[in-house]
Amino acid sequence: AVVCTIKLYTKYQISQFMPTLQPSFNGFLIEELPITASLNQVEHVNGENYMVAELKKCILFPQQSGKLTITSGNYDVTVVQYEKIRSIFGYVQQPVEKQLKVKSNSATVNITPLPSPRPATFNGAVGRYSITSAVNPQQLKTYEAATYKFNISGSGNIKYIKSPIIDFPSQFEVYDPQSNINANPNGSTVSGSVAFEYTFIPQFVGKYTIPSVTFTYFDTEKKSYVTLNTEAYNLTVAKGSGAPAVSKSGGIEQKNKDILHIKLGDLNLEKQHSYLLDSFSYWLWYIVPVLAVAALLFYYRKSLKERA
């Protein structure tokens, strides 16, 4: 983590402050910190006192090595100065607004690459972490949903940690994991936890093992890779509602009947088109009303002639 702070130093009262070019953080992931920009601090710089306001403060996580440059952007500032003018009462001070365009310095950060070789289980986590896991419920039955939770807690780039790959048994139907991140800035880094929840459904009766999950991160204090492992879970799946039967030899006698396999091969499908304009009933809806109106007009004219 790299902390970046953009400050404004001034000796004048400011009536308007407008950013015209936003800061650039190329090569970083940004965790912006909430601040209230107000001139309520005084700093002593080069023998003079300045009023200081924090414009932006964020925690940066570099994504590449080498020299990365951070620019603070451009700003339009309207300051209030007081000029002496002559009046009938003598010299008085009158406030005058002046427009200024300011641009701060650029900061360069040297980012060293992570040590090589990197472990195969390393997935970009940098900081200090601990892990836990749990399976719920412990008593499993076929065709009943269960969850495997993998929790990571600590400090670092925790918001950007990817979900681990868990080698579930092939007899389990596994859904994409859901993540829940609870992390907030803490000093010069981000601390908290992230939980990955996997939902799986056992398909068959038997004994299965969810192997240990390996999580590797780079420890910024030890300057080395640290590998953590969860416990393995040995699960016994009992027969549930709609579960397939198990033969004496341990094999599956029949598969579930409520969900059928995809049918393959020639399905003898036919492609047919039926246009509405080609049907007789479509034109009949126009012809019948026209004939009815014509017959009504003929009868009406005949009736008028007979009455005359």
Side-chain angles (χ1 to χ4, degrees), residues 16-26 29-32 34 73-74 76 78 135-137 139-150 159-160 162-163 165-166 168-183 194-206 208 237-247 251-308:
Q16 188 175 8
F17 188 89
M18 183 69 63
T20 57
L21 180 63
Q22 293 294 334
S24 64
F25 302 98
N26 297 328
L29 293 174
I30 307 172
E31 181 68 28
E32 193 161 347
N74 299 338
D76 288 344
T78 303
V135 174
N136 185 38
Q139 303 296 328
L140 302 179
K141 292 184 179 181
T142 55
Y143 296 95
E144 291 182 356
T147 58
Y148 181 98
K149 291 185 179 180
F150 184 85
K159 286 189 174 182
Y160 310 103
K162 300 178 182 179
S163 58
I165 299 177
I166 301 176
F168 286 97
S170 59
Q171 294 83 356
F172 290 2
E173 183 178 356
V174 184
Y175 297 88
D176 294 335
Q178 302 294 323
S179 60
N180 183 21
I181 301 175
N182 183 16
V194 55
F196 298 99
E197 184 173 319
Y198 298 78
T199 300
F200 64 93
I201 300 177
Q203 300 290 307
F204 306 115
V205 174
Y208 305 97
V237 180
K239 182 178 179 181
S241 176
V246 180
S247 64
I252 303 299
E253 290 185 350
Q254 60 178 2
K255 296 183 179 180
N256 52 307
K257 297 181 179 180
D258 57 336
I259 302 176
L260 301 181
H261 288 282
I262 298 176
K263 186 175 182 180
L264 304 176
D266 187 9
L267 302 181
N268 298 322
L269 301 179
E270 295 182 1
K271 187 176 182 181
Q272 295 180 351
H273 297 283
S274 178
Y275 295 101
L276 188 62
L277 293 176
D278 293 342
S279 62
F280 177 74
S281 59
Y282 173 81
W283 295 106
L284 196 61
W285 282 101
Y286 289 94
I287 297 174
V288 171
V290 171
L291 294 178
V293 172
L296 185 61
L297 291 175
F298 176 78
Y299 173 79
Y300 180 71
R301 289 178 178 271
K302 181 181 178 183
S303 178
L304 290 178
K305 186 176 181 181
E306 290 177 352
R307 291 179 182 181

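Using cut-offs of 30° and 60° for the angle between ring planes, the Phe168 and Tyr148 rings count as perpendicular.
Between atom CD1 of residue Ile201 and atom CD of residue Gln171 there is a gap of 14.5 Å, rounded to the nearest 0.5 Å. The OG1 atom of Thr142 sits 8.0 Å away from atom NZ of Lys239, with the distance rounded to the nearest 0.5 Å. For the atom pair CG of Leu291 and CZ of Phe298, the computed distance is 14.0 Å after rounding to the nearest 0.5 Å. With rounding to the nearest 0.5 Å, the separation of CG in Leu140 from CZ in Phe200 is 5.5 Å.
Counting only distance, with no hydrogens or angles, the side chain of Thr199 and the backbone of Tyr175 share no donor-acceptor pair below 3.5 Å. Distance alone, capped at 3.5 Å, places no donor-acceptor pair between the Thr20 side chain and the Asp76 backbone.
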Q: Please report the C-alpha distance between Tyr282 and Ser279 in whole Å, then the side-chain angles of each, then the deciding distance to 0.1 Å, and finally whether the side chain to side chain contact (heavy atoms under 4.5 Å, CB included) criterion is met.
A: CA-CA 6 Å; Tyr282 173 81; Ser279 62; 3.3 Å; yes
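Shown here for Pro202 and Glu144, the closest heavy-atom pair between the two residues is CD-O, 3.3 Å. Closest approach of Glu31 and Tyr160 over heavy atoms only: OE1-OH, 4.2 Å.
Taking the six-membered ring for Trp and the full ring otherwise, the centers of Phe150 and Tyr198 sit at least 6.0 Å from each other. Between Phe204 and Tyr208, the gap from one ring centroid to the other reaches at least 6.0 Å.
Scanning for side-chain hydrogen bond (donor to acceptor under 3.5 Å, both in side chains) contacts around Glu32 gives Lys56, with sequence neighbours left out.
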